[in-house]
Amino acid sequence: MAAAVGRRCLRLLSGVPSWRNTRKVHTATARTLFRLRPLPILLATGSGYVGYRQYEKYRERELEKLGLEIPPKLAGNWEVALYKSVPTRLLSRAWGRLNQVELPHWLRRPVYSLYIWTFGVNMKEAAVEDLHHYRNLSEFFRRKLKPQARPVSGLHSVISPSDGKILNFGQVKNCEVEQVKGVTYSLESFLGPRTYMEDLPFPPASSCDSFRNQLVTREGNELYHCVIYLAPGDYHCFHSPTDWTVSHRRHFPGSLMSVNPGMARWIKELFCHNERVVLTGDWKHGFFSLTAVGATNVGSIRIYFDRDLHTNSPRYSKGSYNDFSFVTHTNKEGVPMRKGEHLGEFNLGSTIVLIFEAPKDFNFRLKAGQKIRFGEALGSL
């Protein structure tokens with residue numbers, strides 16, 4: 001009898017998992033989790049976030065079609081910090097080196113043709129239409145135009161310095177300037193503080209409002225701005241927008257985030273975060289400045305008369321800038337530029353920001369979002 005009961009108990013116990021077996025199951029699960037790699041997790045998270053952003057953009061476009069005005073949804077500090085953590089400067093330097101690699105003769109046409117098809121490049125305007133002529137991508141990006149491809153308007157006081165899209169323009173009312181409608185950046189942060197070391201006729205500003213006022217050097221004038229975005233398919237060189245004299249250059253090392261219109265609507269003070277080269281001086285109506293803003297894969301900004309300028313260096317101090325004066329003992333004015341004269345170039349297109357003073361009757365001949373070409377009128381008195 002006892003033997004029969006014992007056998008029955010053993011049969012019952014055999015159907016219950018032991019403590020040791022249960023422990024093995026949990027250990028196996030932990031090991032499986034430990035084997036997960038961070039890269040797939042990051043890719044999955046990033047893909048989900050990108051998908052969410054695309055859905056947000058689609059919803060905004062649909063609401064705009066219905067005639068509803070969408071208030072800008074700005075990126076949070078954590079989103080900007082996350083974006084800045086991406087090694088865009090390193091990627092831009094790698095892209096720049098790749099552009100210098102000479103392509104085999106047989107590979108040039110297929111590579112350039114793919115770029116032309118992707119970004120809608122008009123090669124009929126190029127001085128040299130034969131794609132085999134360009135040894136590498138860098139030469140192709142910096143292609144020159146035919147002499148009459150961009151006639152310079154002589155009837156207007158300020159012309160477009162480049163091909164591109166007008167993001168914003170108008171009067172600067174206070175210390176905040178619009179990069180796109182509803183999204184602003186600080187005028188002082190963008191241009192940098194005025195110092196006694198600069199060859200400009202005003203002292204440092206004590207507040208943002210006085211900073212704006214001190215840029216206006218003549219009574220009765222106002223301060224104006226214009227933002228032009230260069231897409232990858234646009235002509236990459238930029239020219240002098242008017243007759244003026246460049247007296248000072250300030251170079252801000254910084255991030256190289258994308259500056260396409262979508263990003264400009266999303267990140268406040270985007271232009272202040274990114275690397276940029278600020279040229280300041282005077283024209284016939286007072287203060288005038290042109291700023292070339294860098295972006296992803298556009299770490300290379302070249303100013304033709306400034307051999308000391310080196311952008312996208314591997315190391316830089318956050319928030320730093322360096323100044324260079326073109327006014328010397330032998331040249332007390334600076335570098336004179338004529339309207340339409342070659343001024344500089346980007347590696348792959350980015351953004352030009354003009355900030356200047358002019359009389360109150362200055363009028364822009366523009367519409368926000370319109371396409372413009374180098375040499376066409378921006379505005380006049």
Side-chain angles (χ1 to χ4, degrees), residues 116 119-129 134 139-170 224-246 259 261 277-285 287-293 295 298 301-306 335-359 361-381:
I116 291 168
F119 296 107
V121 179
N122 184 5
M123 284 302 293
K124 292 183 179 179
E125 297 176 335
V128 180
E129 297 184 37
Y134 304 100
E139 287 187 1
F140 178 73
F141 295 147
R142 301 196 314 270
R143 63 192 177 278
K144 304 301 180 184
L145 299 180
K146 293 175 181 176
Q148 301 304 320
R150 296 289 188 277
V152 175
S153 174
L155 300 177
H156 301 90
S157 52
V158 183
I159 62 169
S160 175
S162 64
D163 291 3
K165 179 180 181 180
I166 301 296
L167 293 189
N168 213 316
F169 63 94
Y224 298 87
H225 77 106
C226 183
V227 182
I228 305 170
Y229 167 70
L230 288 74
D234 288 327
Y235 171 55
H236 285 26
C237 297
F238 50 93
H239 301 245
S240 176
T242 191
D243 296 330
W244 65 308
T245 301
V246 184
V259 294
V277 177
V278 182
L279 301 177
T280 54
D282 295 277
W283 71 317
K284 61 183 178 180
H285 299 296
F287 172 79
F288 198 96
S289 72
L290 180 149
T291 301
V293 183
V298 195
I301 302 173
R302 182 183 175 192
I303 304 298
Y304 293 141
F305 55 79
D306 189 354
V335 181
M337 298 296 299
R338 297 174 58 189
K339 182 168 64 175
E341 186 177 353
H342 274 84
L343 182 57
E345 63 187 34
F346 288 113
N347 185 44
L348 192 60
S350 186
T351 303
I352 296 288
V353 180
L354 302 179
I355 298 175
F356 57 94
E357 69 170 303
D361 58 349
F362 180 87
N363 291 311
F364 284 103
R365 300 173 180 271
L366 303 171
K367 293 182 180 179
Q370 79 172 69
K371 292 287 291 182
I372 198 167
R373 304 203 304 176
F374 155 61
E376 295 179 346
L378 288 182
S380 62
L381 301 175

*Taking the six-membered ring for Trp, are the ring centroids of Phe238 and Phe346 within less than 6.0 Å of each other?*
yes
Donor-acceptor contact below 3.5 Å, side chain [X] vs main chain [Y]:
| X | Y | result |
| --- | --- | --- |
| Trp244 | Lys339 | no |
| Ser350 | Val293 | yes |
| Ser289 | Ile355 | yes |
| Tyr134 | Val128 | yes |
| Asp306 | Ile303 | no |
| Glu357 | Phe287 | yes |
| Thr245 | Pro336 | no |

*So which pairs with a foot in residues 342-355 pass salt bridge (Lys or Arg N to Asp or Glu O under 4.0 Å), sequence neighbours left out?*
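Matches after skipping sequence neighbours: Arg142-Glu345, Arg302-Glu345.
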*Is any side-chain heavy atom of Val227 less than 4.5 Å from a side-chain heavy atom of Ile166?*
no
*asked:* Could you check whether any side-chain heavy atom of Phe140 comes within less than 4.5 Å of a side-chain heavy atom of Ile116, counting everything from C-beta outward?
replied: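 Phe140 reaches Ile116 side chain to side chain.
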*N-O pairing of Glu129 and Lys146 below 4.0 Å*: yes
*Give a yes or no on whether a salt bridge exists between Glu139 and Lys144, defined as a side-chain N under 4.0 angstrom from a carboxylate O.*
no
*Which pair of heavy atoms, one from Phe364 and one from Cys226, lies closest together, and at what distance?*
CE2-CB, 4.1 Å
_salt bridge (charged side-chain N to carboxylate O under 4.0 Å, His left out) for Arg150 and Asp163? Distances and angles first, verdict last._
CA-CA 10 Å; Arg150 296 289 188 277; Asp163 291 3; 2.6 Å; yes
